[in-house]
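Residue numbers start at 1 and run along the sequence shown. Just so we're clear, the structure is a prediction, and the values are computed from it rather than from any experiment. Quick note: numbers below take in every heavy atom, side chains included, and nothing from hydrogens, waters or symmetry partners.
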Amino acid sequence: MKFSSAGLAFCFVSCAFSFAQAPVTKQPSPSALPTESAQFDFWVGEWDVTAKSGKVVGHSRVEKIASGWGLLENWESPGHPGKSINAWNPAKKCWQQFWVGSDGSILELHGGLAADGSMVIRGPSPGRAGGTVLNRITYTPNPDGTVRQHWGISSDDGATWTTSFDGLYHRAAK
């Protein structure tokens, strides 16, 4: 089939016009956000992250995105940078996190706020030795403004846990 340049131009203009006329679903205003969407706000900020030894192991910038509907984590550490998107999902009534690391690692976790004010998310991932492991990451806001992130891994469906990461987020100096 052959098109003239005028016919091709008409086709492009028609397509562009039809896209321009497509209905746009407007997001609710930030005031319409569910109260749960603010449960993880204690993690928003610029952070220096230390191990239990006090050694700095990484830096993280966690920012609100999408008019307050989600959080974007920008994690930097030697050899292991990555990003996560975190959001309250009203349809599923839980928090969800999708992490992708520079090594191709991917985690999909879900959970919610615990009675003590910690955010606890969990989900399965492939184990290093094969099989599947269960991940449980707990973010605990402390009275001094720090946030503890404790990541446990279980290969027996949660009966026992091994610490994979235990870091303390300190507000970065401005």
Side-chain angles (χ1 to χ4, degrees), residues 27-103 105-125 133-174:
Q27 288 290 335
S29 68
S31 62
L33 292 171
T35 57
E36 293 88 353
S37 67
Q39 291 175 334
F40 215 172
D41 283 1
F42 64 83
W43 195 35
V44 172
E46 296 272 345
W47 304 95
D48 293 324
V49 183
T50 60
K52 281 191 167 190
S53 66
K55 178 185 176 199
V56 174
V57 294
H59 303 280
S60 187
R61 185 179 74 251
V62 180
E63 57 192 292
K64 292 185 98 148
I65 58 170
S67 300
W69 283 90
L71 302 178
L72 172 65
E73 173 195 18
N74 300 281
W75 170 254
E76 292 292 333
S77 72
H80 297 84
K83 296 193 182 292
S84 71
I85 293 180
N86 305 266
W88 170 255
N89 184 331
K92 294 184 177 183
K93 297 192 182 326
C94 71
W95 274 88
Q96 292 183 277
Q97 182 182 89
F98 185 85
W99 160 267
V100 61
S102 64
D103 61 356
S105 57
I106 293 175
L107 282 175
E108 292 182 66
L109 309 170
H110 66 278
L113 202 62
D116 68 355
S118 296
M119 180 62 64
V120 182
I121 55 177
R122 55 178 30 193
S125 68
V133 297
L134 185 59
N135 300 274
R136 178 180 65 196
I137 303 177
T138 304
Y139 301 84
T140 305
N142 297 314
D144 65 358
T146 61
V147 175
R148 179 183 182 211
Q149 179 187 357
H150 183 261
W151 182 354
I153 294 178
S154 175
S155 57
D156 56 11
D157 204 27
T160 59
W161 293 92
T162 303
T163 297
S164 175
F165 179 77
D166 194 353
L168 193 61
Y169 285 62
H170 305 264
R171 298 269 176 204
K174 293 184 179 186

K.L.:
When rounded to the nearest 0.5 angstrom, what distance separates CE in Met119 from CG in Leu113?
P.N.:
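Rounded to the nearest 0.5 Å, the CE-CG separation comes to 5.0 Å.
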K.L.:
Check the pair Leu71, Val44 against side-chain contact (heavy atoms from CB on, under 4.5 Å), reporting the backbone distance first and the verdict last.
P.N.:
CA-CA 8 Å; Leu71 302 178; Val44 172; 3.5 Å; yes
K.L.:
Testing the basics here: between Ser60 and Glu73, what is the closest heavy-atom pair and its distance to 0.1 Å?
P.N.:
OG-CG, 3.5 Å
K.L.:
Which atom names give the shortest non-hydrogen contact between Thr140 and Ser118, and what distance separates them?
P.N.:
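Smallest heavy-atom distance, with atoms named: OG1-OG, 2.9 Å.
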K.L.:
Distance check, rounded to the nearest 0.5 Å: Thr138 atom OG1 versus Arg148 atom CZ?
P.N.:
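Going from the OG1 atom of Thr138 to the CZ atom of Arg148 covers 8.0 Å.
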K.L.:
Compare every heavy atom of Pro90 with every heavy atom of Pro34, then report the nearest pair and how far apart it is.
P.N.:
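So the minimum-distance heavy-atom pair works out to CG-CG, 4.4 Å.
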K.L.:
Over 60° means perpendicular and under 30° means parallel, so classify the ring planes of Tyr169 and Trp47, tilted if in between.
P.N.:
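It falls in the perpendicular class, over 60°.
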K.L.:
Without swapping roles, check the side chain of Ser154 against the backbone of Asp156 for a donor-acceptor pair under 3.5 Å.
P.N.:
yes
K.L.:
Kindly compute the distance separating CH2 (Trp69) from CG (Asn89), expressed to the nearest 0.5 Å.
P.N.:
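The CH2 atom of Trp69 sits 9.5 Å away from the CG atom of Asn89.
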K.L.:
Going by distance alone, is a donor N or O of one side chain under 3.5 Å from an acceptor N or O of the other, for Ser77 and His59?
P.N.:
no
K.L.:
Between atom CD of Glu46 and atom CZ of Arg171, what is the distance when rounded to the nearest 0.5 Å?
P.N.:
10.0 Å
K.L.:
Under 3.5 Å, is there a donor-acceptor pair between the Gln39 and Trp88 side chains?
P.N.:
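Distance-only check fails for Gln39 and Trp88.
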K.L.:
Backbone N or O of Gly145 within a donor-acceptor pair of the Asn142 side chain at under 3.5 Å?
P.N.:
no
K.L.:
Using a 4.5 Å cut-off on heavy atoms from C-beta on, say whether the side chain of Lys83 contacts that of Trp99.
P.N.:
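No, their side chains stay 4.5 Å or more apart.
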K.L.:
Which heavy atom in Gly117 sits nearest to a heavy atom in Pro141, and how many Å separate them?
P.N.:
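What the structure gives for the nearest pair is O-CD, 3.5 Å.
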K.L.:
Once salt bridge (charged side-chain N to carboxylate O under 4.0 Å, His left out) is applied, what residue pairs with a partner in residues 53-70 remain, sequence neighbours excluded?
P.N.:
Asp41-Lys64, Arg61-Glu63
K.L.:
For Val57 and Pro78, work out which heavy atoms get closest and say how close.
P.N.:
O-CD, 3.9 Å
K.L.:
Atom OG1 of Thr160 and atom CD1 of Ile153: how far apart are they, to the nearest 0.5 Å?
P.N.:
11.5 Å
K.L.:
Calculate, to the nearest 0.5 Å, the distance between atoms CD1 and OG belonging to Ile137 and Ser84 respectively.
P.N.:
8.5 Å
K.L.:
Do the side chains of Leu109 and Trp95 get nearer than 4.5 Å, heavy atoms only?
P.N.:
no
K.L.:
List in chain and number order the residues that pass salt bridge (charged side-chain N to carboxylate O under 4.0 Å, His left out) with Lys52, two or more places apart in sequence or in another chain; answer none if no residue qualifies.
P.N.:
Asp166
K.L.:
Considering residues at least two apart in sequence or located in another chain, which fulfil the ring pair (Phe, Tyr, Trp, His ring centres under 6.0 Å) criterion with Phe42?
P.N.:
Phe40
K.L.:
Please determine, by modelled atom types, if Thr50 and His170 share a side-chain donor-acceptor pair under 3.5 angstrom.
P.N.:
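Indeed, the side chains of Thr50 and His170 share at least one donor-acceptor pair under 3.5 Å.
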K.L.:
What is the minimum heavy-atom distance between Ala173 and Asp48, and which atoms define it?
P.N.:
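In this case the closest contact between Ala173 and Asp48 is N-OD2, 4.3 Å.
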K.L.:
Flag yes if more than 12 heavy atoms outside Asp157 fall under 6.0 Å of its CG atom; otherwise flag no.
P.N.:
no
K.L.:
Got Arg136 and Val120 here, is their nearest side-chain heavy-atom distance under 4.5 Å?
P.N.:
yes
K.L.:
May I ask you to check whether Asn135 and Trp151 show a side-chain donor-acceptor distance below 3.5 Å?
P.N.:
yes
